[in-house]
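Below is one structure; the comments refer to it alone.
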Amino acid sequence: MKFSQSFIPTTKETPAEATLPSHQFLIQAGFINQEGAGLYNFMPLGKRVLDKIRAIVKEELDRAGCLEVQLGFITPLELWEESGRASKMGLEMLRIKDRKQNNYVLSPTNEEAMVKLVKNRITSYKDLPINLYQIHTKFRDEARPRFGLLRGREFLMKDGYSFHDSTEDMQREFALMEATYRTIFTRLGLEFRVVDADSGAIGGSGSKEFHVLAKSGEDTIVVCDGCDYAANIEAALRGIKQYNKQALEKSKVETPNLTTIEEVSKFLNIEAHQTIKAVIKKAIYETQTQIVIFFVRGNDELEETKACNAINALELVDATHEEIEAVGLKAGYVGIEGLPHGTLYKIDKELYCETNMVCGANEVNYHLMGIDTPNDETLYADLIAVQEGDGCSCCGGTLSHTKGIEVGHIFQLGTKYSSAMKAEFLDANGKSKPFVMGTYGIGVSRLVAAIIEQHHDEKGCIWSKESAPYDVHIIISNAKKDQELEAGERIYEALKEVGIQTLLDDRAKERFGFKMNDFELIGIPYAIVVGKKLEQGVVEIIERKSLTSIEVSLERAVSTMQEKLG
RNA sequence: CGGAGUGUAGCGCAGUUUGGUAGCGUACCUGCUUUGGGAGCAGGGGGUCGAAGGUUCGAAUCCUUUCACUCCGACCA
């Protein structure tokens, strides 16, 4: 493509609203532009990158035996009522009405639609397994879109769904998809981790996320320095911790106006790990709300996703003072013993049958010392956030936190949707069974930004070979000189001839420095500069990543590029 | 959804306190010069000042309402 005939509006100034490198550079270099909150247009360069990523995803999925389809973007609301997700998805699902006042939604994901597609069309175990996917627009009405393409409302996602006659076969496919995803992200040149994850609103049992490691990541990832254990903080586990405790006589002590763990432990001269902290939340269920207490060790923090899962709530929100008092709780003095009758509570599993602890007395200005926790497993659940420096539950190594951008998520769904929607097949014994399902997602447009978050410098984008909009960027130093222009065009034609995708900067009105800056901003892997050395029959080849250059003869330009691009 | 802020030329901004002819930089167009790190000079085009209502002889500026966008937080498969 000739620059002079393309549409690549680069700008000198960084957009004020963009805070992240990916957001700034993608706008500045003319890849995308913003149309509204969380809504982006892809201009020619951006579209090319998107298509390259899409092509790699498709190639690897097809190789793994998946079948591409395309579902309607707008789906009837009834479809979501059938599975019970109409209420569970909440406001993220954008609802619209047609002229007849019928209700529709802009699809945020497609489990229901895909189950419906297969239902009554695949009816025998002989036709299983099957894995269907699409790469299509999704819409989620995010409460607060931000970070450019990383958290937009409209985005391009690959979503795949597999159907099986047994859990074992679904797990085989799950492992195949993990391997396929690893190949895809490796081809894109990304440094990533596969982590254990929470399944969230999709549901199901086993779930793994693929995270591109980058400072700007929204998720906290727990990694081990001794083995390859990695998990999202929402699902991370740790090894058992040992604590020294002092002997305490069971007693009630006055603790006037001391409501925090820090104050109480200092006042009683007891380490925070010998105290029990009560975190009070309001749990929201589909038809009601309830105040709930989570007890964790004084030096631990509550992990809200774990807590939410422990009581099967839709979500947890902070409880107000009035709400806490209304159910008879004394904020700052809540303890396990003597709770008002009927109070819902959970205790962290690390406190199971713990002895000699300190916690609130459920009475203002009093705490209890020498408390033992109850011997009833149903009261316990994993509730705490793994901290940096904790031990690994697999190998005993040290755990630390890092930030990741979630670019893929694979789920072992089971029969959650097939049962709800009565999507069944006949097995070898002629018995009717619901499909066992897996579901697999990749954020395709998010990857465009994730690649730049991981690969940029202060001057602009640095695309990896397989994601770059073009392979080579020819810069004609002064396109008003016929000699330079002709030499540039000859190299351009020769590169095209051997299948190398090339952008030829033939703009006559721009000077050398301007074009160099555009090259560095756009971030194509290599530039060929046709300029002052041309009279000696020499051009420069610059590698974008290192910004180092070598000189080669005009004749060797094409073959050198072929070697470098492999 | 809570808190804060911003809407003025394609983009980045000043002007609003104290009402009085719509500004600057950049980009764009024309011409001349320049030509390896975002060129110089000269000339030029481009605006319902986010929208609606109000006060006033007169509103970008004051008042009311509303919409949009951004940031912090909550939330986020």
Side-chain angles (χ1 to χ4, degrees), chain A residues 9-20 23-24 27-28 30 33-39 85 88-93 107-111 138 140-148 150-153 155 157 159 197-204 207-210 218-219 232 234-235 281-282 284 304-305 308-309 314-318 320 405-411 413 416-417 439-443 446 459-460 475-481 484-485 505 507-521 527 529-535 538-540 542 547 549:
Chain A
T10 61
T11 60
K12 183 159 29 176
E13 311 201 49
T14 59
E17 71 277 9
T19 51
L20 293 184
H23 195 188
Q24 285 173 5
I27 291 175
Q28 251 186 291
N33 86 291
Q34 182 169 359
E35 191 57 64
L39 306 174
R85 276 210 291 187
K88 191 153 191 174
M89 295 290 291
L91 292 171
E92 269 191 37
M93 201 159 76
S107 299
T109 176
N110 296 279
E111 279 77 13
K138 305 286 180 297
R140 295 179 190 173
D141 196 4
E142 295 283 351
R144 191 181 158 205
R146 57 182 133 178
F147 303 142
L150 288 179
R151 182 160 295 281
R153 293 194 294 174
F155 55 98
M157 183 171 115
D159 51 322
D198 173 64
S199 299
I202 293 259
S207 134
K208 286 186 178 179
E209 289 170 348
F210 294 73
E218 289 187 86
D219 290 285
N232 192 305
E234 296 171 354
K281 293 281 177 183
K282 184 166 76 173
I284 300 189
E304 278 209 26
T305 302
C308 191
N309 290 343
L314 289 179
E315 66 171 308
L316 295 178
V317 297
D318 290 338
T320 65
I405 301 167
E406 182 188 348
V407 292
H409 201 160
I410 58 179
F411 299 81
L413 255 193
K416 175 174 168 158
Y417 293 90
T439 178
Y440 320 95
I442 293 180
R446 178 180 279 186
K459 295 189 166 183
I475 297 170
I476 297 173
S477 178
N478 184 348
K480 284 178 185 161
K481 289 185 178 166
E484 289 187 14
L485 185 61
D505 194 345
R507 290 174 295 176
K509 62 177 180 174
E510 305 300 354
R511 295 153 63 105
F512 177 75
F514 193 99
K515 294 182 188 178
M516 274 300 287
N517 279 312
D518 272 357
F519 158 64
E520 286 158 352
L521 187 58
V529 179
V530 181
K532 62 185 179 186
K533 294 272 173 62
L534 187 63
E535 292 194 358
V538 168
V539 296
E540 271 173 87
I542 302 175
L547 290 178
S549 73

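Residue numbers begin at 1 in each chain, while the letters A, B, ... track the order of the sequences.
Comparing the same atom, P, in B:rG43 and in B:rC24 gives a spacing of 13 Å after rounding to whole Å. The separation of B:rG2 from B:rU8, taken at their C1' atoms, amounts to 30 Å, rounded to a whole angstrom. For the P atom pair drawn from B:rG3 and B:rG45, the interatomic distance equals 48 Å after rounding to whole Å. A gap of 16 Å separates the C1' atoms of B:rG15 and B:rC62, to the nearest Å. Taking atom C1' in both B:rC28 and B:rG10, one finds a spacing of 9 Å when rounded to whole Å. Across B:rG7 and B:rU61, the matching P atoms stand 13 Å from one another, rounded to whole Å. Look at the C1' atom in both B:rA68 and B:rG31: the space between them is 42 Å, to the nearest Å. Taking atom C1' on both B:rG44 and B:rC63, the two are 41 Å apart, rounded to the nearest angstrom.
Considering only the side chain of A:Lys509, B:rC28 comes nearest among B:rG38, B:rG73, B:rC28. In the set B:rG73, B:rG37, B:rG38, the nucleotide with an atom closest to the side chain of A:Arg146 is B:rG73. The side chain of A:Lys532 has B:rG36 as its nearest neighbour among B:rC75, B:rG36, B:rC71. For A:Val529, counting side-chain heavy atoms from C-beta on, the closest listed nucleotide (B:rU34, B:rG37, B:rG36) is B:rG36. Of the candidate nucleotides B:rG38, B:rG73, B:rG37, B:rG37 has the atom lying nearest to any side-chain atom of A:Met516.
Nucleotide B:rG73 has B:rC1 as its partner under the Watson-Crick or G-U criteria, with both atom distances under 3.5 Å. Across every strand in view, B:rC24 sits in a pair with B:rG12 that passes the Watson-Crick or G-U test at under 3.5 angstrom. Partner assigned to B:rU35 is none, using Watson-Crick or G-U wobble distances below 3.5 angstrom. Within the shown strands, B:rC67 is the pairing partner of B:rG7 under the Watson-Crick or G-U definition, both distances less than 3.5 Å. Across all strands shown, B:rU17 forms no Watson-Crick or G-U wobble pair with both key distances under 3.5 Å. Both distances falling under 3.5 Å, in either a Watson-Crick or a G-U wobble arrangement, occur for no nucleotide opposite B:rU61. Base pairing of B:rU55: no nucleotide in any strand meets the Watson-Crick or G-U wobble criterion (both distances under 3.5 Å). Base pairing annotation: B:rU30 forms a Watson-Crick or G-U wobble pair with B:rA42, both donor-acceptor distances under 3.5 Å.
Separating the CG atom of A:Leu314 from the P atom of B:rC76 is a distance of 11 Å, rounded to the nearest angstrom. The separation between A:Glu218 atom CD and B:rA74 atom P is 12 Å, rounded to whole Å. Nucleotide B:rA68 holds its P atom 12 Å from the CG atom of A:Leu39, rounded to whole Å. Straight-line distance from the CD atom of A:Gln24 to the P atom of B:rC11: 18 Å, rounded to whole Å. Rounded to an integer number of Å, the gap from CG of A:Asn309 to P of B:rC76 is 11 Å. The separation between A:Glu35 atom CD and B:rU70 atom P is 12 Å, rounded to whole Å. One interatomic measurement links the two molecules: NZ of A:Lys12 to P of B:rU26, which rounds to 8 Å at whole-angstrom precision. Following rounding to the nearest Å, A:Lys480 (NZ) and B:rU33 (P) show an atom-to-atom distance of 10 Å.
Counting any heavy atom pair closer than 4.0 Å across all strands shown, A:Pro108 reaches a base atom. Using a 4.0 Å heavy-atom cutoff across all strands shown, A:Lys515 reaches no nucleic acid atom at all. A:Ala143 comes within 4.0 angstrom of a base, heavy atoms only. A:Asp518 comes within 4.0 angstrom of a base, heavy atoms only.
The CG atom of A:Asp518 sits 9.5 Å away from the OG1 atom of A:Thr11 when rounded to the nearest 0.5 Å.
Taking 4.5 Å as the limit, every side-chain heavy atom of A:Glu510 sits out of range of all side-chain heavy atoms of A:Asp505.
Checking side-chain atoms of A:Glu142 against main-chain N and O of A:Arg144 turns up no donor-acceptor pair under 3.5 Å. A donor-acceptor pair under 3.5 Å is absent between the side-chain atoms of A:Glu209 and the main chain of A:Ile410, judged by distance alone. With A:Arg153 contributing its side chain and A:Pro145 its backbone, the two residues share no donor-acceptor pair below 3.5 Å. Under the 3.5 Å distance criterion, the side-chain polar atoms of A:Lys515 are matched with a main-chain donor or acceptor of A:Arg507.
Heavy-atom distances to RNA chain B give each of A:Gly36 and A:Glu234 a nearest nucleotide, and the one nearer the 5′ end belongs to A:Gly36.
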Side chain to side chain contact (heavy atoms under 4.5 Å, CB included) between A:Asn110 and A:Lys138, intermediate numbers included: CA-CA 9 Å; A:Asn110 296 279; A:Lys138 305 286 180 297; 3.4 Å; yes
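Residue A:Asn478 places no side-chain atom within donor-acceptor reach of the base of B:rG36, judged by atom type and a 3.5 Å distance cut-off alone. No donor-acceptor contact under 3.5 Å links the side chain of A:Glu520 to the base of B:rG38. On a pure distance criterion of 3.5 Å, a polar donor-acceptor pair joins the side chain of A:Glu13 and the base of B:rG25. One N or O donor and one acceptor, one from the side chain of A:Arg151 and one from the base of B:rC76, sit under 3.5 Å apart.
In this structure, A:Arg511 reaches the B:rA39 phosphate: one of its side-chain N or O atoms is under 4.0 Å from OP1 or OP2. Phosphate proximity of B:rU70 to A:Gln34: present, with a side-chain N or O under 4.0 Å from OP1 or OP2. The side chain of A:Arg144 contributes an N or O atom lying less than 4.0 Å from OP1 or OP2 of B:rC72.
A:Glu304 has a carboxylate O that lies under 4.0 Å from a charged side-chain N of A:Lys281, or vice versa, which qualifies the two as a salt bridge.
Partner of A:Lys459 under the side chain to side chain contact (heavy atoms under 4.5 Å, CB included) criterion, out of A:Asn517, A:Leu547, A:Leu521: A:Leu547 alone.
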